[in-house]
Amino acid sequence: MKYIIFNWKSYLNLKESENLSNIISKIKKSKNYKIISAPNNFFHLSLSKKFKANTFAAQNFDLDGRGASTGSLDISHLIENNIKYTLIGHSEMRSNHGENDKIIHKKLELSIENKLIPIVCIGESLKVYKSKKTKNFLNNQIKTIFKKSHMYEDIILAYEPLWSIGTGLTPDLSEINEICKFLSNILKKYSFKKINILYGGSVNLSNVSDILNLQFVDGVLVGSASTNSSFINYFK
Ligand code: 13P
(Lines give C-alpha, C1' and ligand atoms only; values in the text may rest on other atoms or scores of the structure.)
Protein backbone atom coordinates (compact mmCIF):
# COMPACT_ATOMS: atom_id res chain seq x y z
CA MET A 1 0.00 0.00 0.00
CA LYS A 2 1.38 3.40 -0.98
CA TYR A 3 0.48 6.74 0.58
CA ILE A 4 -0.80 9.39 -1.80
CA ILE A 5 -0.91 12.71 0.02
CA PHE A 6 -2.30 15.82 -1.59
CA ASN A 7 -0.96 19.04 -0.14
CA TRP A 8 -3.28 21.71 -1.48
CA LYS A 9 -1.28 24.43 0.30
CA SER A 10 -3.27 27.66 -0.19
CA TYR A 11 -4.01 27.10 -3.87
CA LEU A 12 -7.75 26.45 -3.59
CA ASN A 13 -10.84 28.16 -2.29
CA LEU A 14 -13.48 26.22 -0.38
CA LYS A 15 -15.60 25.41 -3.42
CA GLU A 16 -12.58 24.04 -5.33
CA SER A 17 -11.50 21.99 -2.30
CA GLU A 18 -15.03 20.57 -2.09
CA ASN A 19 -14.99 19.64 -5.77
CA LEU A 20 -11.73 17.72 -5.41
CA SER A 21 -12.91 16.10 -2.15
CA ASN A 22 -15.97 14.95 -4.03
CA ILE A 23 -13.80 13.30 -6.70
CA ILE A 24 -11.72 11.63 -3.98
CA SER A 25 -14.84 10.38 -2.21
CA LYS A 26 -15.82 8.51 -5.39
CA ILE A 27 -12.50 6.68 -5.71
CA LYS A 28 -13.01 3.13 -4.51
CA LYS A 29 -10.91 2.23 -1.48
CA SER A 30 -8.11 0.03 -2.75
CA LYS A 31 -5.30 -2.03 -1.31
CA ASN A 32 -2.88 -0.10 -3.50
CA TYR A 33 -3.28 3.44 -2.23
CA LYS A 34 -4.13 5.34 0.92
CA ILE A 35 -5.31 8.78 -0.20
CA ILE A 36 -5.05 11.66 2.23
CA SER A 37 -5.77 15.28 1.42
CA ALA A 38 -4.41 18.30 3.25
CA PRO A 39 -6.68 21.23 2.46
CA ASN A 40 -6.11 24.73 3.72
CA ASN A 41 -6.38 24.49 7.52
CA PHE A 42 -9.44 26.76 7.64
CA PHE A 43 -11.51 24.39 5.51
CA HIS A 44 -11.23 21.27 7.66
CA LEU A 45 -14.43 21.85 9.58
CA SER A 46 -16.58 22.13 6.50
CA LEU A 47 -14.82 19.36 4.51
CA SER A 48 -14.57 16.77 7.25
CA LYS A 49 -18.28 17.20 8.03
CA LYS A 50 -19.28 16.83 4.41
CA PHE A 51 -16.87 14.06 3.34
CA LYS A 52 -16.85 11.74 6.33
CA ALA A 53 -15.23 8.84 4.47
CA ASN A 54 -12.28 10.89 3.19
CA THR A 55 -9.06 11.11 5.18
CA PHE A 56 -7.74 14.57 5.91
CA ALA A 57 -4.42 15.90 7.13
CA ALA A 58 -3.64 19.30 8.57
CA GLN A 59 -0.94 21.36 6.90
CA ASN A 60 0.26 22.58 10.28
CA PHE A 61 -0.78 23.42 13.86
CA ASP A 62 0.62 25.86 16.39
CA LEU A 63 2.42 25.03 19.62
CA ASP A 64 0.81 27.90 21.50
CA GLY A 65 -2.65 27.24 20.14
CA ARG A 66 -5.03 26.90 23.11
CA GLY A 67 -6.02 29.88 25.23
CA ALA A 68 -4.96 33.49 24.84
CA SER A 69 -3.35 33.01 21.46
CA THR A 70 -4.99 35.12 18.79
CA GLY A 71 -4.82 33.66 15.31
CA SER A 72 -3.43 30.25 16.34
CA LEU A 73 -4.65 26.77 15.52
CA ASP A 74 -4.47 24.32 18.38
CA ILE A 75 -4.00 20.60 17.89
CA SER A 76 -7.30 19.97 19.72
CA HIS A 77 -9.10 21.91 16.99
CA LEU A 78 -7.81 19.41 14.46
CA ILE A 79 -8.79 16.40 16.49
CA GLU A 80 -12.33 17.63 17.06
CA ASN A 81 -12.65 17.98 13.28
CA ASN A 82 -11.72 14.35 12.73
CA ILE A 83 -8.26 15.07 11.34
CA LYS A 84 -6.04 11.98 11.58
CA TYR A 85 -2.71 13.18 10.15
CA THR A 86 -0.68 16.37 10.20
CA LEU A 87 2.20 17.69 8.14
CA ILE A 88 5.04 18.89 10.33
CA GLY A 89 8.00 20.95 9.22
CA HIS A 90 6.98 21.63 5.67
CA SER A 91 9.65 23.77 3.99
CA GLU A 92 7.16 26.58 3.42
CA MET A 93 6.47 26.69 7.19
CA ARG A 94 10.21 26.73 7.76
CA SER A 95 10.91 29.52 5.26
CA ASN A 96 7.78 31.66 5.78
CA HIS A 97 7.17 31.14 9.50
CA GLY A 98 10.63 30.56 10.95
CA GLU A 99 10.14 26.91 11.92
CA ASN A 100 13.28 24.96 12.74
CA ASP A 101 14.08 21.36 13.64
CA LYS A 102 13.76 22.06 17.41
CA ILE A 103 10.23 23.43 16.97
CA ILE A 104 9.47 20.51 14.68
CA HIS A 105 10.65 18.11 17.39
CA LYS A 106 8.18 19.70 19.85
CA LYS A 107 5.37 19.47 17.31
CA LEU A 108 6.22 15.83 16.69
CA GLU A 109 5.98 15.01 20.42
CA LEU A 110 2.70 16.89 20.71
CA SER A 111 1.17 15.18 17.72
CA ILE A 112 2.18 11.76 19.05
CA GLU A 113 0.76 12.55 22.52
CA ASN A 114 -2.49 13.45 20.79
CA LYS A 115 -2.48 10.39 18.54
CA LEU A 116 -2.30 12.44 15.38
CA ILE A 117 -0.09 10.66 12.83
CA PRO A 118 2.78 12.98 11.86
CA ILE A 119 4.04 13.44 8.32
CA VAL A 120 7.45 14.94 9.02
CA CYS A 121 9.03 16.85 6.13
CA ILE A 122 12.78 17.13 5.67
CA GLY A 123 14.98 18.02 2.72
CA GLU A 124 18.19 19.70 1.64
CA SER A 125 18.84 22.95 -0.24
CA LEU A 126 20.34 23.04 -3.73
CA LYS A 127 23.65 24.15 -2.24
CA VAL A 128 23.79 21.09 0.03
CA TYR A 129 22.71 18.81 -2.84
CA LYS A 130 25.36 20.20 -5.16
CA SER A 131 28.08 19.79 -2.55
CA LYS A 132 27.01 16.13 -2.14
CA LYS A 133 26.25 16.55 1.56
CA THR A 134 22.60 15.51 1.38
CA LYS A 135 22.91 12.40 3.56
CA ASN A 136 24.84 14.20 6.24
CA PHE A 137 22.33 17.05 6.24
CA LEU A 138 19.31 14.75 6.48
CA ASN A 139 20.95 12.71 9.22
CA ASN A 140 21.40 15.89 11.28
CA GLN A 141 17.79 16.91 10.71
CA ILE A 142 16.62 13.51 11.92
CA LYS A 143 18.86 13.64 15.01
CA THR A 144 17.28 16.93 16.10
CA ILE A 145 13.71 16.02 15.26
CA PHE A 146 13.56 12.46 16.66
CA LYS A 147 14.76 11.32 20.08
CA LYS A 148 16.10 7.81 20.49
CA SER A 149 14.51 7.48 23.94
CA HIS A 150 11.00 7.81 22.59
CA MET A 151 8.80 4.95 21.45
CA TYR A 152 7.13 6.11 18.26
CA GLU A 153 4.16 4.47 16.62
CA ASP A 154 3.43 5.02 12.93
CA ILE A 155 5.66 7.61 11.36
CA ILE A 156 5.58 9.08 7.91
CA LEU A 157 8.72 10.87 6.80
CA ALA A 158 8.53 12.91 3.61
CA TYR A 159 11.78 13.57 1.79
CA GLU A 160 11.22 16.83 -0.05
CA PRO A 161 14.39 18.39 -1.51
CA LEU A 162 13.86 22.16 -1.25
CA TRP A 163 15.16 22.69 -4.76
CA SER A 164 12.57 20.34 -6.14
CA ILE A 165 9.47 21.91 -4.57
CA GLY A 166 7.49 23.81 -7.19
CA THR A 167 10.39 23.91 -9.66
CA GLY A 168 9.68 21.02 -12.01
CA LEU A 169 13.08 19.57 -11.06
CA THR A 170 13.49 16.23 -9.32
CA PRO A 171 16.45 14.11 -8.32
CA ASP A 172 17.05 11.08 -10.58
CA LEU A 173 14.91 8.07 -9.76
CA SER A 174 17.98 6.21 -8.51
CA GLU A 175 18.85 9.12 -6.21
CA ILE A 176 15.32 9.22 -4.78
CA ASN A 177 15.44 5.49 -4.13
CA GLU A 178 18.88 5.68 -2.55
CA ILE A 179 17.96 8.55 -0.22
CA CYS A 180 14.71 6.86 0.84
CA LYS A 181 16.65 3.66 1.58
CA PHE A 182 19.20 5.66 3.55
CA LEU A 183 16.43 7.33 5.58
CA SER A 184 14.69 4.09 6.34
CA ASN A 185 18.02 2.62 7.53
CA ILE A 186 18.72 5.53 9.86
CA LEU A 187 15.22 5.37 11.30
CA LYS A 188 15.72 1.69 12.15
CA LYS A 189 17.95 2.89 15.01
CA TYR A 190 14.88 4.47 16.61
CA SER A 191 11.81 2.71 18.02
CA PHE A 192 9.05 2.87 15.47
CA LYS A 193 6.21 0.45 14.99
CA LYS A 194 6.03 1.37 11.33
CA ILE A 195 8.10 3.65 9.12
CA ASN A 196 6.93 5.02 5.80
CA ILE A 197 9.20 7.13 3.63
CA LEU A 198 7.56 9.36 1.04
CA TYR A 199 9.01 11.46 -1.73
CA GLY A 200 7.74 14.99 -2.48
CA GLY A 201 8.79 17.71 -4.92
CA SER A 202 7.46 18.26 -8.47
CA VAL A 203 5.58 14.97 -8.57
CA ASN A 204 3.17 15.05 -11.51
CA LEU A 205 1.28 12.79 -13.90
CA SER A 206 4.35 12.07 -15.98
CA ASN A 207 6.64 10.90 -13.15
CA VAL A 208 4.31 9.58 -10.45
CA SER A 209 4.17 5.95 -11.56
CA ASP A 210 7.98 5.68 -11.86
CA ILE A 211 8.44 7.21 -8.42
CA LEU A 212 5.79 4.97 -6.83
CA ASN A 213 7.49 1.93 -8.36
CA LEU A 214 10.73 2.61 -6.51
CA GLN A 215 11.49 -0.06 -3.94
CA PHE A 216 12.15 2.23 -0.98
CA VAL A 217 9.44 4.80 -1.67
CA ASP A 218 6.25 4.23 0.33
CA GLY A 219 4.29 7.03 -1.29
CA VAL A 220 4.27 10.59 -2.56
CA LEU A 221 3.48 14.02 -1.16
CA VAL A 222 2.16 16.14 -3.99
CA GLY A 223 1.64 19.89 -4.17
CA SER A 224 0.46 21.78 -7.25
CA ALA A 225 -0.28 18.73 -9.45
CA SER A 226 -2.71 17.46 -6.82
CA THR A 227 -4.96 20.49 -7.35
CA ASN A 228 -5.79 19.07 -10.77
CA SER A 229 -8.63 16.54 -11.07
CA SER A 230 -6.83 14.54 -13.78
CA PHE A 231 -3.99 13.85 -11.34
CA ILE A 232 -6.42 12.71 -8.65
CA ASN A 233 -8.31 10.50 -11.11
CA TYR A 234 -5.06 8.66 -11.86
CA PHE A 235 -5.61 6.81 -8.56
CA LYS A 236 -9.07 5.53 -9.49
P1 13P B 1 5.06 20.55 -5.57
O2 13P B 1 4.47 19.20 -5.84
O3 13P B 1 4.17 21.67 -6.04
O4 13P B 1 6.46 20.67 -6.06
O5 13P B 1 5.10 20.73 -3.99
C6 13P B 1 5.64 19.70 -3.23
C7 13P B 1 5.28 19.94 -1.82
O8 13P B 1 5.69 20.92 -1.22
C9 13P B 1 4.38 18.97 -1.18
O10 13P B 1 4.32 19.16 0.19
Side-chain angles (χ1 to χ4, degrees), residues 3-27 34-100 103-123 156 158 160 162 165-166 198 200-203 219-233 235:
Y3 282 93
I4 311 296
I5 306 187
F6 303 141
N7 178 6
W8 292 337
K9 306 191 180 188
S10 294
Y11 284 117
L12 306 175
N13 64 23
L14 180 56
K15 186 80 207 136
E16 292 161 337
S17 307
E18 277 180 2
N19 289 343
L20 294 186
S21 299
N22 194 32
I23 295 172
I24 293 167
S25 71
K26 291 188 179 130
I27 297 178
K34 166 83 184 162
I35 296 179
I36 301 170
S37 41
N40 182 288
N41 275 344
F42 295 101
F43 298 156
H44 283 130
L45 176 58
S46 151
L47 294 173
S48 61
K49 267 192 182 158
K50 199 161 175 180
F51 299 97
K52 290 201 166 62
N54 290 17
T55 306
F56 293 102
Q59 294 182 7
N60 177 48
F61 62 87
D62 297 301
L63 283 177
D64 59 349
R66 196 77 191 251
S69 187
T70 305
S72 291
L73 179 69
D74 186 57
I75 197 162
S76 63
H77 302 139
L78 300 174
I79 293 158
E80 69 184 347
N81 285 302
N82 205 21
I83 306 305
K84 302 278 189 278
Y85 295 81
T86 181
L87 295 182
I88 295 180
H90 191 278
S91 75
E92 285 145 19
M93 285 302 300
R94 293 171 186 259
S95 59
N96 303 340
H97 299 270
E99 273 201 354
N100 56 37
I103 294 176
I104 291 159
H105 166 72
K106 286 192 188 143
K107 289 192 173 185
L108 175 70
E109 303 277 286
L110 194 61
S111 72
I112 289 166
E113 262 168 46
N114 285 276
K115 303 204 175 345
L116 207 60
I117 299 177
I119 304 160
V120 178
C121 304
I122 58 171
I156 302 177
E160 297 206 301
L162 307 190
I165 295 176
L198 274 47
S202 294
V203 175
V220 285
L221 176 56
V222 190
S224 66
S226 74
T227 60
N228 195 318
S229 55
S230 54
F231 186 83
I232 292 177
N233 276 321
F235 301 99

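Side chains included, hydrogens not; waters and symmetry mates left out as well; all remaining heavy atoms used. Worth saying up front: this structure is predicted, and the values here are computed from it rather than measured.
Taking the centre and axis of the six-membered ring of Phe56, the NZ or CZ atom of Lys84 falls outside the cone set by 45° and 6.0 Å.
The backbone N or O of Ser37 lies less than 3.5 Å from no partner atom in the side chain of Trp8, so there is not a single donor-acceptor pair. Put simply, the side chain of Gln59 gets close to the backbone of Lys9: a donor and an acceptor are under 3.5 Å apart. The closest donor-acceptor contact from the side chain of Asn40 to the backbone of Phe42 lies under 3.5 Å. In this structure, Lys52 contributes its side chain and Lys49 its backbone to a donor-acceptor pair below 3.5 Å. At least one donor-acceptor pair closer than 3.5 Å links the side chain of Asn233 to the backbone N or O of Ser229. Side-chain atoms of His90 come within 3.5 Å of backbone atoms of Glu92 as a donor-acceptor pair (strictly under, hydrogens ignored). Between the side chain of Asn82 and the main chain of Ser48, no donor-acceptor pair closer than 3.5 Å is present. Checking side-chain atoms of His44 against main-chain N and O of Asn41 turns up a donor-acceptor pair under 3.5 Å.
Taking CG from Asn22 and OG from Ser25, the interatomic distance works out to 4.5 Å, rounded to the nearest 0.5 Å. Between atom CD1 of residue Ile36 and atom OG1 of residue Thr55 there is a gap of 6.0 Å, rounded to the nearest 0.5 Å.
Between Glu99 and Asn60 the shortest heavy-atom distance is OE2-OD1, 3.6 Å. Across all their heavy atoms, Val203 and Ala225 have their closest contact at O-CB, 3.3 Å. The minimum heavy-atom distance linking Ile104 with Val120 is given by the pair CG2-CG1, 4.4 Å. Between Lys107 and Phe61 the shortest heavy-atom distance is NZ-O, 2.6 Å. Residues Ile232 and Ile27 share a closest heavy-atom pair of O-CD1, 3.6 Å. Nearest approach of Leu87 to Asn7, heavy atoms of both residues: CD1-ND2, 3.7 Å.
Residues passing the ring-ring contact (aromatic ring centres under 6.0 Å, His included) test with Phe43, sequence neighbours excluded: none. In this structure Lys106 satisfies the salt bridge (Lys or Arg N to Asp or Glu O under 4.0 Å) test with no other residue, sequence neighbours excluded.
Note: Phe235 and Phe6 have tilted aromatic rings, judged against thresholds of 30 and 60 degrees for the angle between ring planes.
A donor atom on one side chain and an acceptor atom on the other are not found under 3.5 Å apart for Ser21 and Lys50.
Annotation: side-chain hydrogen bond (donor to acceptor under 3.5 Å, both in side chains) contacts involving residues 71-80, sequence neighbours excluded, comprise Asp64-Ser72, Arg66-Ser76, Ser69-Ser72, Asp74-Ser76.
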